[in-house]
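Okay, here's the structure, questions in a sec.
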2 protein chains.
Amino acid sequence: MNILERTHLEIIRAVDQCGSLTAAAEKLHVTQSALSHAMRKLEDQFGTAVWHREGRVLRPTQAGGYLLELANRLLPQFARAEEQVGQFARGERGSLRIGMECHPCHQWLLKIVSPYLAAWPDVDVDVKQEFQLGGIGALFGHEIDLLVTPDPLHKPGLVFEPVFDYEQVLVVGHQHPLSKLRHVQPAQLTDETLITYPVSLDRLDVFTRFLTPAGIAPKRHKRIEATDIVLQMVASGRGVAALPRWLVEENAERFGVVPLRLGPRGVRKQIFLGYRERSYGTDYLRAFLELARDYQVAHPQ
Amino acid sequence: MNILERTHLEIIRAVDQCGSLTAAAEKLHVTQSALSHAMRKLEDQFGTAVWHREGRVLRPTQAGGYLLELANRLLPQFARAEEQVGQFARGERGSLRIGMECHPCHQWLLKIVSPYLAAWPDVDVDVKQEFQLGGIGALFGHEIDLLVTPDPLHKPGLVFEPVFDYEQVLVVGHQHPLSKLRHVQPAQLTDETLITYPVSLDRLDVFTRFLTPAGIAPKRHKRIEATDIVLQMVASGRGVAALPRWLVEENAERFGVVPLRLGPRGVRKQIFLGYRERSYGTDYLRAFLELARDYQVAHPQ
DNA sequence: TCATTCCATGAATGGTATTCATGAATAAAT
DNA sequence: ATTTATTCATGAATACCATTCATGGAATGA
């Protein structure tokens, strides 16, 4: 079926470069005879010569010239492909698709990703936020390779590792009446506007671990996507929000907001990094996990 | 040395298209086992899998995805190459490089070339006018494939065929004193300005076959490249020129010029088409010669 | 649970690419 | 003109490797 092979192009190019079959044969580490036979067969199959044999010099025919051009175009691509697949094999190259199920974690993620990109220049990092089947499904379906989530779900084949823990706090404006308290009680939010990320209630710890157990609901509930808009709203007294303490503290000065403990003991949270057990063999994925662990050690809460 | 072969790309693409090794094997007319072995070997050499084997479904790995892209890019080029070389082999495709050693023949050439181009859409026609080693040398050195010349030079390996004969005439303006004569004598040009193409004198028949034998020279000699400029100059009485009769007659009305026989018997010329004997096997070259012959039969002088 | 479909594997084989040995043709050197 | 050194082509022998055959295990779907 196929007559033209990579080898033929390799020969044609070598002959062009070396000027003779014999020299080309040496370059390709085979006998001159091998090349002669190979090209003879090709020419027979094509029904046309690749070279004019004039004395002992080979001059490309029109077909030969065409094939030479082809060779110069295709062979580098073969070479590059082998090199790149080699990089895939050694785990030096790939793409790391990270799924996020945790809004405020974006900030944390950036702190891991930037040194990671520097260390693994051949790995593309891709962050996704929306999944049809949920984060776990996306992980299983190979839609993503890593999942950043506060809700580890133990399934065979998946591993979840805590990489970050922090306290979830209420954030209020500087002049807010609650701002002087050491901690806040659920009932104190009855007349407040609560601002959250636009996700379902059961994924909001303010509700699941603070308000709902006490049977309390805030006066209003607003959903806003962007974290700094949330902070601005809070700063201007338009509402209160629940955010990680570190995030609030980082922005306290700039926005004029204050963190308050949720209940006397606070609400502690953990962020997990989930991955498929089998993908742990991939160097660049493991490297990411290690970077995340290192970060946790260097920045304990 | 080389691990990745066209075959592998062929397999990878077929598996992608057919969805399974078995189906791909059928498409490629080999056993499923053959493909399995082939890809196994490739994977061993690369050190990485091309597909994730999940149950009985094959999902491309990152390396596999990369190779699939490569396959979709390169395989069509292989296919196209085989097709084109096939055309070369059947003489349907090529490039015909025509050398011109005869200025006024350009008009004639166009009449052959335009139907030729229509009949042989895959043949590129290239017309060259300048050669370092002369037309014959260019023909020998494969710089051109056909030579249009008035001077056939018989050499072994070369063939010259007369394809066109015509009378070379003197052309003068409508009101020129000579314009009423039936023919002109060399001596009558003593006071004229003679316009010729800018080539050496020994290639100008007005000199070699008319003036020089009579020991006559014109008052002035002007060299002009473009034929219609020559005609305009002649029409405005600025000089006389020697051109093929058919060319003059074609333009007699438009420019207001008159053809005059050179001497009582006229100067008859022949144009030859030269080619390398061995290239006569090439279909599209032979076709050109046949077209030229047909034209001669259809337009006898 | 059974039948079916798919891929992997080891051994056997058949084909083919490569080598070896040699000849013919050309170009360079004497 | 001879000689010498290259170069490519060719046929036969060989060694290698791709393919097949036969089979088993694993997953899917009825």
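Computed over heavy atoms, backbone and side chain alike; hydrogens, waters and symmetry mates excluded. Throughout, a chain's letter reflects where its sequence line sits, starting with A, and its residues are numbered from 1.
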- request: For the pair B/D205 and B/K269, find out whether any cationic side-chain nitrogen is under 4.0 Å from an anionic carboxylate oxygen.
  value: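 A salt bridge is present here (some side-chain N lies under 4.0 Å from a carboxylate O).
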
Name each donor-acceptor pair under 3.5 Å that joins a side chain in residues 73-83 of chain B to protein atoms two or more places apart or in another chain, with its distance.
{"residue": "B/R73", "atom": "NH1", "partner": "A/Q77", "partner atom": "OE1", "Å": "2.4"}
{"residue": "B/Q77", "atom": "OE1", "partner": "A/R73", "partner atom": "NH1", "Å": "2.4"}
{"residue": "B/Q77", "atom": "NE2", "partner": "B/R73", "partner atom": "O", "Å": "3.4"}
{"residue": "B/E82", "atom": "OE2", "partner": "A/I3", "partner atom": "N", "Å": "3.0"}
{"residue": "B/E82", "atom": "OE2", "partner": "A/L4", "partner atom": "N", "Å": "2.8"}
{"residue": "B/E82", "atom": "OE2", "partner": "B/R6", "partner atom": "NH1", "Å": "2.8"}

- prompt: Is the shortest heavy-atom distance from the side chain of B/L146 to the side chain of B/R97 under 4.5 Å?
  reply: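 Side chain of B/L146 against side chain of B/R97, heavy atoms only: no contact under 4.5 Å found.
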
task: Not counting sequence neighbours, which residues clear ring pair (Phe, Tyr, Trp, His ring centres under 6.0 Å) with B/H8? List them please.
output: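 For B/H8, no residue satisfies ring pair (Phe, Tyr, Trp, His ring centres under 6.0 Å) once neighbours in sequence are set aside.
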
Tabulate atom names and distances for all N/O pairs under 3.5 angstrom spanning the protein and nucleotides 25-30 of chain D.
{"residue": "D/dA27", "atom": "N3", "partner": "B/R56", "partner atom": "NH1", "Å": "3.3"}

Salt bridge (charged side-chain N to carboxylate O under 4.0 Å, His left out) partners for B/D126, two or more places apart: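 Residues passing salt bridge (charged side-chain N to carboxylate O under 4.0 Å, His left out) with B/D126: none at all.
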
query: What's the spacing between B/E161 CD and B/I271 CD1 if we round to 0.5 Å?
result: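 If I round to the nearest 0.5 Å, the distance is 14.0 Å.
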
task: Under the side chain to side chain contact (heavy atoms under 4.5 Å, CB included) rule, collect the residues that match up with B/E92, sequence neighbours excluded.
output: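 Counting only residues at least two positions away or on another chain, B/E92 forms a side chain to side chain contact (heavy atoms under 4.5 Å, CB included) with B/Q87, B/R90.
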
message: Tell me every residue that passes salt bridge (charged side-chain N to carboxylate O under 4.0 Å, His left out) with A/D283, counting only those two or more places apart in sequence or in another chain.
response: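 Testing A/D283 for salt bridge (charged side-chain N to carboxylate O under 4.0 Å, His left out), a comparison that skips the adjacent residues, returns A/R286.
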
- request: Would you please classify the geometry between the A/W108 ring and the A/Y295 ring as parallel, tilted or perpendicular, with 30° and 60° separating the classes?
  value: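 Aromatic pair A/Y295/A/W108 classed perpendicular.
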
All N/O donor-acceptor pairs, side-chain side in residues 27-42 of chain B, below 3.5 Å, sequence neighbours left out:
{"residue": "B/K27", "atom": "NZ", "partner": "B/Q17", "partner atom": "OE1", "Å": "2.9"}
{"residue": "B/R40", "atom": "NH1", "partner": "B/D44", "partner atom": "OD1", "Å": "2.9"}
{"residue": "B/R40", "atom": "NH1", "partner": "B/D44", "partner atom": "OD2", "Å": "2.9"}

- request: Report the residues that fulfil side chain to side chain contact (heavy atoms under 4.5 Å, CB included) with B/P162, sequence neighbours left out, ordered by chain and then residue number.
  value: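 In terms of side chain to side chain contact (heavy atoms under 4.5 Å, CB included), with neighbours along the sequence ignored, B/P162 is linked to B/Q270, B/F272.
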
task: Show the numbers, then the answer: is there a side-chain hydrogen bond (donor to acceptor under 3.5 Å, both in side chains) between B/H103 and B/Q129?
output: CA-CA 9 Å; B/H103 258 82; B/Q129 312 237 29; 4.9 Å; no

message: Give the residues of residues 4-23 of chain A touching DNA chain D, defined as any heavy atom closer than 4.0 Å, sorted by residue number.
response: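 Heavy-atom contacts with DNA chain D come from A/S20, A/L21, A/T22.
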
- prompt: With a 4.0 Å cut-off, would you call A/E43 and A/R53 a salt bridge?
  reply: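 Here A/E43 pairs with A/R53 in a salt bridge, since their nearest N and O are under 4.0 Å apart.
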
task: On DNA chain C, reading 5' to 3', which nucleotide is the first and which the last to sit with an atom under 4.0 Å from a heavy atom of chain A, could you check?
output: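 Using the under 4.0 Å cut-off, the span is C/dA17 to C/dA27.
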
- prompt: When the C1' atoms of the five terminal pairs at each end define the local axes, what inter-axis angle does the helix from C/dT1-D/dA30 to C/dT30-D/dA1 show, to 10 degrees?
  reply: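 Roughly 30° between the end axes, to the nearest 10°.
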
- request: With the side chain counted from C-beta on, respond yes when B/L117 and B/V125 share a heavy-atom pair under 4.5 Å apart, and no when they do not.
  value: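 Yes; the side chains approach each other to less than 4.5 Å.
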
query: What string of B, S and - do you get for nucleotides 13-18 of chain D, 5' to 3', when a contact is any protein heavy atom under 4.0 Å?
result: -----S

field: Side-chain heavy-atom pair B/N72, B/L68 within 4.5 angstrom cut-off
entry: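 The answer is yes; the side chains approach within 4.5 Å.
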
